[in-house]
Every structure is written in structure tokens, then in C-alpha cells.
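Step one of this worksheet: look at the structure below.
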Amino acid sequence: MIDRLQQQQTLHHPRRAGTIGRDPAPGNRFAFYGRISTSGFQDEESSRRWQLDSAGRVIDGAGVIVAEFFDVGYSRSLPWAERPQAATLLRAATAANREFDAIVVGEHERGFSGDQLLRMLPVLRRHGITVWLPEIGGPVDLDDPAHRALIRLLGHQSRTEVLRSRFRTKEAMRAQVRTQGRHHGGRAPYGYRLVDAGPHPNPVHAGWGRRLYRLDPDPRTAPHVRWMFAQRLAGRSAPEIAAALHQRRIPPPDGGRGARTSARRWSVRTVATILANPRYTGFQVWNRHSTDHCETLPGDKSTRVGGPRRRANAPADWVVSDRIAHPPLVSADDFMRAQKVSALPAPRDGSVRRYRLTGLVICGRCGRRAEGTWVHGRATYRCRHGQGARRTLRGPRPLYVREDALLAYARGQIGTQILDDVDKAFDEISGRLRNQGMTLICDGDSIVLHDPTPPEDDVLPTRSRTPVRTLPVHALTWENSPPGRPTDTRHKRRKKSRNKCRCKPLKLRLKSRSYPRRG
């Protein structure tokens with residue numbers, strides 16, 4: 001009886017996956033291709049089965065399937081070269097000793113998007129490979145105008161489905177945040193933790209055991225966030241708050257990567273990000289950041305330029321809940337006042353200090369941009385190589401260079417009109433450096449003018465036919481040693497020798513203790 005059922009199943013489904021690996025029957029040998037976009041929300045086995053059944057009905061009576069290629073977790077908008085199984089299928093189709101004569105797909109949207117099939121068909125036809133589709137009911141014929149029109153329509157529909165899915169998902173999430181204040185996943189901000197908010201509002205999802213979550217103040221970290229806003233309202237800057245947190249030995253956020261917090265420090269960017277997060281007011285805020293897929297044609301990942309990039313959205317694009325969704329850590333008024341606190345450095349005496357070369361001085365040792373500081377009544381630029389105010393013994397010495405020396409050097413290189421007013425001349429030099437994108441690279445011993453623009457002989461000044469950017473390095477250097485600095489090696493501090501021990505021997509020390517010296 002079992003043998004009879006197996007024979008009937010073979011007669012009714014002669015081209016199912018069970019025929020793979022057997023001796024092929026007379027006719028074409030087919031390679032099956034299928035795909036699912038996600039593995040967490042789709043059943044791989046059931047999806048593979050119905051696509052195989054659909055392909056078997058298309059090739060019924062024309063041949064058997066001898067090979068399978070199935071991609072899991074790859075979007076239809078990706079080209080075949082970026083899908084592992086699809087790329088393997090293309091290599092096997094162009095090989096000399098291939099095991100199949102045609103390709104069959106269970107559904108066009110599972111295999112292709114846009115004009116991918118139209119670009120592949122001429123290449124496959126040169127190798128004697130045909131493509132069979134259920135929508136056509138057989139092989140695709142490029143010479144048939146009806147087939148070409150249908151393929152274009154199916155490709156446009158497949159690409160549009162991706163855009164429709166994006167639009168529906170984003171609009172649904174936007175409405176849920178605005179009306180319900182729902183938390184859409186992700187880590188909780190510093191100062192909060194995730195707690196259970198009840199069953200899912202969808203009865204089907206609730207039957208599957210899915211739950212909602214909301215933000216609740218963390219007893220360990222919430223007081224630190226309140227303290228940071230209080231310090232900000234008192235007028236302290238983000239670097240001062242970061243240094244105070246480190247002195248109080250408060251562990252910073254671990255970033256969700258399981259890193260050891262004992263070896264990490266509070267950064268200025270972390271403090272600034274916390275102080276600028278509007279979710280601490282109790283309102284749910286969504287769409288502060290988005291992912292740019294860099295697609296020339298929306299919905300077609302084969303036209304993207306580079307990888308996806310995450311960018312910050314303008315506050316006008318944020319989605320804010322209509323009511324408070326979780327307990328606030330700071331009031332809305334205090335949060336708005338904290339955003340208006342100016343953190344620009346200002347001298348205590350009220351004088352105006354100008355830094356003409358801000359962002360134009362680069363440290364030649366570490367590559368960082370030097371920061372402006374006021375030393376001995378002059379504008380100076382320094383770089384501590386990312387080590388803060390405390391310098392390690394083995395690290396390089398901080399870089400200090402005066403602004404007037406940098407401007408005098410730049411004036412001699414780029415050439416400006418002689419002005420009686422030194423301030424106006426320096427303003428003209430700094431303006432030219434910014435407009436032309438030039439930078440000054442200083443390593444403490446020399447200065448080099450870097451010009452990123454390509455050399456053009458027709459715009460060179462008449463006084464010199466050699467552009468500044470092509471001069472040798474030794475011609476672009478200026479000794480940065482202050483006048484009167486001793487350069488003789490005799491003035492250097494003598495290092496202590498670590499090889500010879502200068503302490504008293506143990507025997508003499510014990511003797512001096514046993515027999516004290518008499519006066």
C-alpha cells in the first residue's frame with residue numbers, strides 16, 4: 001500500500017524536489033532558484049516547498065529539476081552577484097561542464113526586481129540557458145514583444161513592492177509613536193531601563209506571546225542624568241561635566257557591546273548627546289536618525305552608491321508623542337533652557353579674543369586639528385594628542401605654536417599686498433586660507449603649507465612660476481623655536497642611571513642602626 005501511495009504521488013507531482021538526485025528523465029535539466037528575504041519572520045522549509053511546487057507545475061512534462069539554489073536573508077533588490085546562491089548559479093550556468101540546461105523560478109518577485117531579468121537574459125542565451133517563469137507559463141522569449149512588456153511590468157511591480165513596504169512600515173510606526181507613545185525597540189537611553197508594558201495590542205501577536213515595553217527610570221543611572229542637567233543649567237560646559245563625572249568615578253554607558261566600563265572614560269560627545277536627547281522629558285521621540293540607502297533609483301539596491309549610511313534628521317522631521325509616554329527625568333522647560341546654555345569659551349575679564357586660524361592648524365604628529373588657547377596675551381594653538389591635560393611620560397610633548405608666527409609664515413608663502421594695518425593683513429591671509437581650503441601642518445619643529453587644489457600653470461602669480469604645493473619640504477619649513485631657547489646639550493636635564501644602585505649596602509645600614517653615631 002505504501003508503494004502504491006508513493007507511485008501515485010510521483011504521478012501527480014512528477015517534478016517535485018524528490019526527483020533531485022535521481023536519474024534525469026528525457027527532456028531538459030532544470031536548476032531551481034528560490035529566495036526569502038528574512039529568516040526570523042519566514043519559514044525557510046515551507047517557503048522553499050511552495051516555490052518548488054510552483055516551479056514543478058511550470059516545467060511539468062518538459063524535464064526535471066537536478067539542482068537547487070536557495071538564498072535566505074537577501075533582498076530582491078540586490079543584484080544576483082551579491083546573493084551567494086544566485087552568484088553560484090550564474091557561475092555554474094557559464095561553466096563548460098554544467099549539469100542543467102535551463103533555470104526555473106517559483107515566482108518572479110522571488111528572483112528578480114526591476115530590469116534584472118532583462119539584463120541577464122542576453123548573457124544566459126549566449127550560453128544556451130533559458131529562463132522559465134510561472135507568470136509566462138514557460139520559457140521567456142526576448143523576441144516576443146508581449147514577453148518583454150510583461151517582464152518590464154513584473155519588474156516594476158516587484159520594485160514598487162519594496163517601496164510600498166517601506167512606506168507602510170514607516171507610516172504605521174509614525175502613527176503608533178504619535179498616538180500611543182510606543183517604544184519601537186532598541187536600547188534604552190542612559191538613565192532608563194526597559195520594563196514590561198503589557199500584552200501586544202494585536203490579538204494575534206498577543207496570542208503568540210509578544211509583549212510591549214516602555215521606558216522606566218533606572219535607579220542607578222537616573223540620578224546622574226538629573227545631575228548632568230542641573231550642572232548644565234548652572235552654566236557648566238560639556239567638557240567640565242565629563243571631567244566631573246570621571247572624578248566621581250561614575251561608569252559611562254557601555255555602548256551595548258559588552259565592553260568593560262572600568263577602562264573607559266566619559267567623552268564630551270557622550271555628555272553632549274545625553275543633554276540633547278529630548279526623550280528625557282517623558283515624551284516619546286522617533287525618527288531622530290534614519291538610514292540612507294544611497295540608491296539612485298529608490299527601492300533598487302543595485303543602483304546604490306556605497307554602503308548605507310546613518311544620518312541625523314532635522315528636528316522638523318522628528319515624530320513626538322501627543323502625551324507623556326514614560327516618567328520624565330527633566331521638565332520640558334528645563335530641557336529647553338539647557339539647550340540655550342552657551343558653552344562657548346569666554347574670558348572672565350570680558351575681553352574679546354579672536355582665533356583667526358581655528359580649524360586650519362593640523363598637528364603633524366597625530367593628525368588632529370589644534371585647538372585655540374590664550375597664552376601670555378597672544379592667540380596660540382595647541383594639540384595634546386588626545387591625552388587631555390595630563391600627559392603620560394612616554395607620550396609626545398604637547399604642541400604649542402603662536403598664531404602670529406603661523407600667519408607670518410603663510411603671508412610669505414601665498415603672498416598678499418603689503419598693508420600698514422597688521423590686523424587687516426592677517427584677516428586677509430586667514431580668509432584666503434579658508435576660501436582655498438589650505439591648512440598649516442605643524443609638528444613643533446617646522447610648518448608646512450598644504451594646498452589640496454591641483455596645480456594650474458595659467459593661474460600662477462607672475463612673481464613665481466613654481467606653485468607653493470610643489471616646493472620641496474625644506475623650503476616650506478620655518479624653525480619654530482622661540483628666541484633665546486638654549487640649544488646646547490649641556491642645558492639638558494641629566495638622566496639618572498638605572499643600572500647602578502646608589503643606595504647603601506644592607507650590611508652598612510644594619511650596622512648604622514645597631515651602633516648609632518655618637519656626637
Side-chain angles (χ1 to χ4, degrees), residues 15-17 19-37 44 47-48 51-52 54-145 147-152 154-156 158-159 295-297 300-305 307:
R15 305 294 178 257
R16 296 186 64 173
T19 61
I20 297 176
R22 301 180 182 178
D23 295 335
N28 293 325
R29 298 172 300 172
F30 287 90
F32 163 76
Y33 177 76
R35 180 197 61 84
I36 58 175
S37 56
E44 177 182 352
S47 183
R48 181 198 300 265
Q51 293 183 50
L52 266 173
S54 178
R57 287 190 294 268
V58 176
I59 65 174
D60 189 9
V64 294
I65 298 177
V66 297
E68 284 188 28
F69 300 89
F70 197 83
D71 279 314
V72 179
Y74 291 90
S75 173
R76 76 186 74 177
S77 58
L78 288 175
W80 276 43
E82 298 183 16
R83 309 180 202 170
Q85 293 295 321
T88 304
L89 175 57
L90 289 179
R91 289 193 297 267
T94 57
N97 55 348
R98 62 174 180 266
E99 300 178 355
F100 52 89
D101 307 315
I103 300 175
V104 60
V105 181
E107 187 183 43
H108 178 274
E109 293 186 357
R110 294 289 175 174
F112 309 99
S113 175
D115 58 347
Q116 293 178 357
L117 181 57
L118 289 177
R119 295 198 303 264
M120 290 175 52
L121 284 175
V123 179
L124 295 175
R125 188 165 63 174
R126 287 197 299 266
H127 292 83
I129 300 294
T130 58
V131 179
W132 293 50
L133 292 178
E135 291 80 2
I136 296 180
V140 180
D141 186 8
L142 282 178
D143 299 330
D144 190 349
H147 282 199
R148 296 181 64 91
L150 181 58
I151 291 174
R152 291 183 181 275
L154 293 174
H156 177 73
S158 179
R159 180 186 297 170
E295 298 169 351
T296 305
L297 296 176
D300 189 358
K301 292 184 180 179
S302 61
T303 62
R304 63 188 181 185
V305 181

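Quick note: residue numbers are just sequence positions, from 1. Fair warning: this is a prediction, and the values are worked out from it, not measured in the lab. All heavy atoms count here, side chains included; hydrogens, waters and symmetry mates do not.
Using a 4.5 Å cut-off on side-chain heavy atoms (C-beta onward), Glu82 and Tyr74 make no contact. The shortest side-chain heavy-atom distance between Ile65 and Leu52 falls under the 4.5 Å cut-off. A 4.5 Å side-chain heavy-atom check between Gln51 and Ile36 finds at least one atom pair inside the cut-off. For the pair Leu133/Leu117, a side-chain contact is recorded, criterion being any heavy-atom separation below 4.5 Å from C-beta on. Between Thr130 and Asn28 there is no side-chain heavy-atom pair separated by less than 4.5 Å. Here the side chains of Met120 and Val123 are not in contact, with every heavy-atom distance at 4.5 Å or above. Side-chain contact between Phe112 and Leu154 is absent, with no heavy-atom pair separated by less than 4.5 Å.
The heavy-atom pair separating Leu124 from Val131 by the smallest distance is CD1-CG2, 3.7 Å. In plain terms, the two heavy atoms of Ser113 and Arg76 that are nearest each other are CB-O, 3.4 Å. Of all the heavy atoms in Leu150 and Glu135, the pair that sits closest is CD2-O, 4.0 Å. In this structure, Arg110 and Arg83 approach most closely via the heavy-atom pair O-NH1, 4.2 Å. The minimum heavy-atom distance between Ser54 and Pro134, with the atom names listed, is OG-CG, 3.7 Å. The heavy-atom pair separating Ile59 from Val64 by the smallest distance is CD1-C, 4.4 Å.
One finds the CD1 atom of Ile136 at 5.0 Å from the NE2 atom of His147 (value rounded to the nearest 0.5 Å). Between the CH2 atom in Trp80 and the OG1 atom in Thr88 there is a gap of 11.0 Å [rounded to 0.5 Å]. In this structure, Glu109 CD and Arg35 CZ are separated by 9.0 Å, a value rounded to the nearest 0.5 Å.
Between the side chain of Ser47 and the backbone N or O of Glu44, no donor-acceptor pair lies under 3.5 Å. In this structure a side-chain-to-backbone donor-acceptor pair under 3.5 Å is missing from Glu99 to Ala67. Judged by distance alone, the side chain of Asp71 and the main-chain N or O of Gln85 form a donor-acceptor pair under 3.5 Å. In this structure, the side chain of Trp132 does not engage the main chain of Ala55 through any donor-acceptor pair within 3.5 Å.
The aromatic rings of Phe69 and Phe100 stand perpendicular to each other, their planes meeting at an angle above 60°, with 30° marking the opposite boundary.
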N/O donor to acceptor pairs below 3.5 angstrom from side-chain atoms of residues 137-144, sequence neighbours left out:
residue, atom, partner, partner atom, Å
Asp141, OD1, Asp143, N, 3.1
Asp144, OD1, Ala146, N, 3.1

